[in-house]
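FYI, side chains are in, hydrogens and waters are out, and symmetry mates aren't considered; it's all heavy atoms of this structure.
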Amino acid sequence: MSTPAEPEITPKRLFGFFAMVLGMFMAVLDIQIVSASIADIQAGLAASPDEASWVQTSYLIAEIVMIPLSGFLSRLLSTRVLFTISALGFTVFSLTCALANSLEMMIFSRALQGFLGGAMIPTVFASSFLLFPGPARVRATVLIGLTATLAPTLGPTLGGMITEALSWHWLFLLNVPVGIFIAISVWLCIDIDEPDHSLFRLFDWWGLVLMALFLGSLEYVLEEGARWQWLQDETVASFAVIATVSGIGFFWRAFAAEQPIVDLRAFADRNFAIGSLFAFILGMALYGSVYLVPLFLGRVRGYDSLQIGQTMFVTGAAMFVCAPIVGALSRKLDLRILVAFGLMVTGVAMYLTGQFTAQSALPELWLPLLLRGVGMMFVMVPVTTIALGTLPPVRIKNASGLFNLMRNLGGAFGLALINTLVTDRGAAHRLHLAEGLGWARNEAVAALTNMQNAFADKIVNGAPSDLVALRRLSQLVTREANVLAYNDTLFVMAVFFFVAAPLVFLLRAPRAMPPGEGGGH
């Protein structure tokens, strides 16, 4: 059923919408909140490092399956019912995560937490277009953009602080009262559409199975491929085959079924297609840089989670300050100009970040981290309006799921690309540096001699000074090789943004929309 042509913004609906945004924040935050505490969870569940990584991977795989499914479910059940079920499910399985006493129970609970909670993310995007007219929609989009970009940035910091102050169980326990508040608020305050239960008899069960196999297997390959040498690993290769076969079946069902589980026709709209591409690239920057910069600070600089959080806070602060500015400019300037500016600034930020040295710290990093926050806000807010604003209201819910799916897939692709580049370029740089440290290089011999003299009167772990010096030299080579690999990776990410920027000229100029209009072709 179609939504009202002119939705009325009442205090009750506004309160419900803020509760929905809080729900989205929790769902996105929980993607990254465990990343700084994996070692603690691993110890608590007596798991190996490889097994413990599934605490994060299982959530991502399940969430990425639900996100595109949410459009169909919100039409079937209504926004109010779907969001309430999603919030309650997220809350229940947050509690079971906190109470888990085995790795199997944790992975099962995390998967269901991600699957049920995943519906909250695209539903908020769709609701902002269905609930708010004209200028109010811009303000709502600014709030959503700030939340969607800030949550992954704060995740590792917040998670590390909670674990350090309390325990890893509280990463999940804190979701319980918040989740209950969200579910009650949305149930009582949101009534923007009606359910269409007739869609149930047309539910494409085969499409659901194929989509789950396709997206789940693809996410596994992207998450785990770099760690296990891609197709050289039997499990990764098997999931790649499953992803390929089920993907072909899914796309066939998407165009053949009477009511496909995901309607891909939204991509026929040029603005939505290009906007989704920008969302994919933004996902690479959002999740990739949140992963790579803390990786450098932890491995090279030896920072703990609190120090990493204090450094990364610059990006979050820039987003907060920039959000109202972007909102104001969105009402006055061509949105394409803002997106192009944001892409270029983020590219510059990636390039400047890619000038790491082993001594880089906040004095060297504050400017690129600040620019990254500014650039991402200038992309995220306008591109949401550009991508969804030209679609008719009846297709907003489904398109919102696809748009958010593209951002998450961008993040998965970005992490896979980062891990592959860091591994390959690190090995190449280490080989190159090692070649320059042969006995024919006087500087290398002098450095080794100085190290041997420094350890001459010490026996470290039972090893003589010459072996300790060689080990120390090897560690220095590895450190510098890693730094160079991080720089190479950030340069590649910068190129993506510089190449994408001219694509804004392919977008149709957004037109001013009268209050209540959802857009049209």
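Side-chain contact between Thr91 and Asn175 is absent, with no heavy-atom pair separated by less than 4.5 Å. Side-chain atoms of Met376 and Val345, non-hydrogen and from C-beta on, never get closer than 4.5 Å to each other. The side-chain heavy atoms of Arg253 and Met211, taken from C-beta on, include no pair separated by under 4.5 Å. Looking only at side-chain heavy atoms (C-beta outward), Asp196 and Leu76 stay at 4.5 Å or farther from each other. A 4.5 Å side-chain heavy-atom check between Val495 and Tyr351 finds every atom pair outside the cut-off. By the 4.5 Å heavy-atom criterion applied to side chains, Met106 and Thr96 are not counted as neighbours. Looking at Phe278 and Val504, their side chains come closer than 4.5 Å, going by heavy atoms from C-beta outward. Taking the side chain as every heavy atom from C-beta outward, Phe83 and Met20 approach each other to under 4.5 Å.
The neighbour count for Trp230 CH2, taken as heavy atoms of other residues, nucleotides or ligands under 6.0 Å away, is above 12. The local environment of CZ in Phe108 is sparse, with at most 12 non-hydrogen atoms from other residues, nucleotides or ligands closer than 6.0 Å. Other residues, nucleotides and ligands contribute more than 12 heavy atoms inside 6.0 Å of the CZ atom of Arg270.
To the nearest 0.5 Å, atoms CG (Asp424) and OG1 (Thr489) are separated by 9.5 Å. Distance check: Leu112 CG to Met66 CE gives 10.0 Å after rounding to the nearest 0.5 Å. Taking OG of Ser330 as the reference point, atom CD1 of Ile337 lies at 11.5 Å (rounded to 0.5 Å). Considering CG of Leu417 and CE of Met493, their distance stands at 8.0 Å, rounded to 0.5 Å. For the atom pair CG (Leu69) and CG (Leu405), the distance works out to 11.5 Å, reported to the nearest 0.5 Å. Annotation: the span from Cys97 atom SG to Leu171 atom CG amounts to 10.0 Å, rounded to 0.5 Å.
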Do Leu402 and Phe272 pass the side chain to side chain contact (heavy atoms under 4.5 Å, CB included) test, and can you show the C-alpha distance, the side-chain angles, and the key distance before you say yes or no? CA-CA 10 Å; Leu402 291 173; Phe272 179 77; 3.8 Å; yes
Trace of the salt bridge (Lys or Arg N to Asp or Glu O under 4.0 Å) decision for Asp488 with Arg425: CA-CA 7 Å; Asp488 290 348; Arg425 295 303 299 160; 3.0 Å; yes
So Leu210 and Phe251, side chain to side chain contact (heavy atoms under 4.5 Å, CB included) or not? Walk me through it. CA-CA 9 Å; Leu210 289 168; Phe251 284 109; over 6 Å; no
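The aromatic rings of Phe341 and Phe378 lie perpendicular to each other, with more than 60° between the two planes, well past the 30° mark. Between Tyr486 and Phe296, the ring planes lie perpendicular to each other; the angle is over 60°, past the 30° to 60° tilted range.
Side-chain contact annotation: Ser58 with Arg110, donor-acceptor N/O pair under 3.5 Å absent. Ser94 and Gln113 form a side-chain donor-acceptor contact under 3.5 Å, judged by distance and modelled atom types alone.
When all heavy atoms are compared, the tightest approach of Met319 to Gly373 is CG-O, 3.8 Å.
Checked by atom type and distance alone, the side chain of Ser86 never pairs as donor or acceptor with a backbone atom of Leu82 at under 3.5 Å.
With Phe17 as reference, Ile144 is the one residue of Ile144, Leu22, Val186 to meet the side chain to side chain contact (heavy atoms under 4.5 Å, CB included) rule.
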